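Each remark here refers to the structure printed beneath this line.
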Number of protein chains: 2
Amino acid sequence: MQKKVLVFGSTGSVGRNSLEVIEKAADKFEVVGLCGNSNIKEIVKQIRKFRPKYLCLKDKGSANQLKKRTKIKFKLFSGKQGLEKFSRIKSDVSIMAISGIDCLKPLLINIESSKRIALANKEAVVTGAKFIFPKAKKYKTKIIPIDSEINAIFQLLNLTESGNKEIDKIYITASGGALLNYDKKSLKKVTAKRVLKHPTWDMGKRITVDSATLVNKGFEAVEAHNFFNIDYKNIEILLHRQSLMHAMIQLSDQSCFSCIYAPDMKKPISYALFYPKRMKLPKIDLDKEKNKYSFSYSPIPYKKFPLLKIILEAGKRDDNSLVVLNACDEVVVDLFLNGKIKFTQIEETIKKIFENYPSKKIKSIGDIYKWDNWARNKTKEILGEK
Amino acid sequence: MQKKVLVFGSTGSVGRNSLEVIEKAADKFEVVGLCGNSNIKEIVKQIRKFRPKYLCLKDKGSANQLKKRTKIKFKLFSGKQGLEKFSRIKSDVSIMAISGIDCLKPLLINIESSKRIALANKEAVVTGAKFIFPKAKKYKTKIIPIDSEINAIFQLLNLTESGNKEIDKIYITASGGALLNYDKKSLKKVTAKRVLKHPTWDMGKRITVDSATLVNKGFEAVEAHNFFNIDYKNIEILLHRQSLMHAMIQLSDQSCFSCIYAPDMKKPISYALFYPKRMKLPKIDLDKEKNKYSFSYSPIPYKKFPLLKIILEAGKRDDNSLVVLNACDEVVVDLFLNGKIKFTQIEETIKKIFENYPSKKIKSIGDIYKWDNWARNKTKEILGEK
């Protein structure tokens with residue numbers, strides 16, 4: 001029998017990649033629901049191909065337009081409340097690829113009705129890990145990370161005889177993003193277009209900017225800590241420009257095992273769908289590959305990436321700092337992408353907010369939204385955008 | 001309780017490394033027997049340190065001398081028959097590091113009396129796999145390869161959920177040996193001293209020469225085929241100069257997993273001793289290592305290494321060819337090391353014998369020795385050494 005799949009964020013980069021994987025394994029998976037934001041053109045294509053029973057567009061206007069664009073029947077949800085209802089649909093697998101903190105609520109709801117969640121979103125884990133994982137445990141919902149590095153760790157840990165018991169260290173690799181070799185002066189002038197040219201990965205916009213500041217890598221360390229219950233002191237980040245080796249584990253005898261594949265999100269997505277099995281794909285001959293595989297890695301130049309240190313420091317504090325930093329980052333990256341601020345102001349603003357936020361415990365989901373909101377306002381205030 | 005260990009070939013490179021590992025884990029392992037050839041100085045040191053109950057020196061003269069050199073009591077075996085008796089001693093783990101085909105008989109005997117054999121020797125597997133593995137199965141003796149590449153595959157396969165069921169390919173890496181960048185003309189003049197300067201590994205003499213001709217790598221493919229029942233067409237060899245990544249497996253979704261550690265035989269030895277657990281060793285910070293880890297791999301230049309193709313071809317034939325080639329290689333390498341022939345004559349002679357040997361099935365251990373003997377004589381005949 002086919003497994004019923006919901007795709008949250010189906011028109012984004014991960015969503016589209018997920019649907020490509022599902023298309024190739026149509027005998028095993030059936031798309032029952034698609035959820036997008038406002039990209040009608042893309043969603044109409046997807047509807048024609050997958051004929052889902054349920055559809056959700058967060059943007060109400062787009063939802064109204066959509067009705068006029070297709071005669072295919074489906075149940076349509078829209079708006080925030082519509083998204084919450086859509087999140088209650090029962091599924092075998094939900095692919096969660098809504099970007100930003102907007103993913104948190106659908107995720108928390110969907111844990112109750114899905115058997116497995118393939119989670120691409122980082123921000124929900126960064127801000128709400130303490131609510132997500134206990135709830136998943138309670139509902140016996142398996143959350144599998146799709147984020148390539150975290151997925152690689154998940155794969156590597158699944159491979160070891162005793163899970164994470166004999167792990168001495170985990171290495172997450174970082175490409176260093178689009179601006180690794182830029183000096184301070186050039187960083188001031190760098191355009192959004194330039195930052196969005198990632199050397200190895202083709203991804204969404206915010207994550208590509210976050211890759212250039214290494215905020216993204218800091219978030220991955222937070223993910224690794226929360227997914228696998230591994231102490232921050234045993235999580236290392238290595239600079240690895242080629243994005244071929246996604247993670248590495250170091251066992252008690254100091255032997256290392258790494259997970260290697262060409263940078264393509266379809267790999268971790270298919271693993272999350274097929275786990276504990278694997279998709280059967282055409283055999284690759286590495287020795288006949290055009291690009292000779294060549295890896296290198298070296299220490300991260302932390303001085304060049306102060307935001308990475310800040311995120312790691314925040315990870316260790318059990319307070320509202322990650323919520324605040326995530327919200328601030330979301331706002332500044334958005335302003336940068338819209339040409340409102342310089343690239344260097346991303347770092348300046350996040351630094352400023354980290355120095356000045358009032359440290360408070362997060363005790364409820366409400367606290368997350370409260371501090372998220374506080375940080376958004378504070379960020380705009382700092383930048384004089386209010 | 002400590003596990004009882006026999007070390008065959010204790011004065012050689014692998015033997016000495018094994019004793020170093022055992023010394024560090026003296027609470028877990030007790031050396032009950034040591035077996036060497038003629039290096040009295042080394043064996044006396046080892047006797048003083050480990051106080052084994054049993055000792056064996058294959059060379060009878062050396063055995064007689066040994067008695068005079070120490071007052072420590074032990075039961076001494078010597079000569080071929082002595083070695084056979086020594087091989088019948090019961091043990092929890094036997095480390096088999098006798099070099100050449102001389103290892104075959106002790107191995108076949110020891111399978112009956114040891115629970116686990118950590119096997120460093122290649123030649124026994126290359127010549128006698130069809131007798132070794134069924135016998136090990138019958139006596140429920142676990143044979144664990146110590147040869148670094150094969151050990152790495154063993155580790156990687158142990159890590160996968162379903163053993164070798166979902167393996168698409170296995171990659172064995174080759175450093176390319178000491179002479180990778182030599183042209184034909186320089187190869188004619190190369191000295192044994194030069195060949196023995198391996199770029200990454202510190203090993204015994206024959207294996208170091210075999211690394212320069214890639215005969216060693218061919219033998220490893222034969223080992224991999226026999227240890228893991230993997231078809232030759234799914235075994236690839238990759239050139240990887242740094243000897244950090246010892247093997248890689250490629251699963252059905254084309255993700256790869258590799259086993260990485262600095263080239264040091266103590267790693268695979270300790271894994272074979274501690275399996276399925278791992279030795280606890282001091283934590284290494286890869287990002288603080290002096291040598292930045294950098295890997296590359298590329299296709300093997302097969303044209304440069306015709307002997308590799310020959311060994312792989314022989315592996316596919318189910319006849320006496322591997323026995324013949326191994327014996328021929330053992331003789332020519334010995335002659336080269338003793339300055340009797342040129343380096344290029346190794347290749348010439350092995351080619352000649354492969355073109356002219358009579359292809360016959362190996363039906364008994366006796367057949368192995370018969371063809372081994374035939375090839376030794378034939379080799380000397382070809383070289384006019386008889």
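Predicted, not measured: the structure shown is a model, and the values here were computed from it. Per chain, numbering begins at 1; letters A, B, ... match sequence-line order.
- Of the inter-residue distances, the one linking A:Ile249 atom CD1 with B:Phe257 atom CZ reads 9.5 Å to the nearest 0.5 angstrom.
- In this structure, B:Arg278 and A:Leu251 approach most closely via the heavy-atom pair NE-CD1, 3.1 Å.
- Contacts of A:Asn234 with chain B are made by side-chain atoms alone, with heavy-atom separations under 4.5 Å and no backbone atom involved.
- Residue A:Asp168 comes nearest to B:Leu281 through the heavy atom pair OD2-O, 4.2 Å, listed as atom of the first residue, atom of the second, then distance.
- Summarising the local packing, NZ of A:Lys283 is surrounded by more than 12 heavy atoms from other residues, nucleotides or ligands at distances under 6.0 Å.
- For a residue to count as touching a neighbouring chain, one of its non-hydrogen atoms must lie under 4.5 Å from one of that chain's; by this rule A:Gln254 touches chain B with backbone and side chain alike.
- Every residue two or more places apart in sequence or in another chain that forms a side chain to side chain contact (heavy atoms under 4.5 Å, CB included) with B:Asp92 is listed here: B:Lys3, B:Lys4, B:Lys115.
- Listed by chain and residue number, nothing satisfies the salt bridge (charged side-chain N to carboxylate O under 4.0 Å, His left out) test with A:Glu223 (two or more places apart in sequence, or in another chain).
- Residue B:Lys28 places its NZ atom among 12 or fewer non-hydrogen atoms of other residues, nucleotides or ligands, all under 6.0 Å distant.
- Between B:Ile284 and A:Tyr171, the shortest heavy-atom distance links the atoms O-OH, 3.5 Å.
- Taken to the nearest 0.5 Å, the SG atom of A:Cys256 stands 8.0 Å off from the NZ atom of B:Lys267.
- Counting all heavy atoms, side chain and backbone alike, B:Met245 lies closest to A:Ile260 at CE-CD1, 4.1 Å.
- The residue among A:Ala152, A:Pro282, A:Ser296, A:Ser252 with the most heavy atom pairs within less than 4.5 Å of chain B is A:Ser252.
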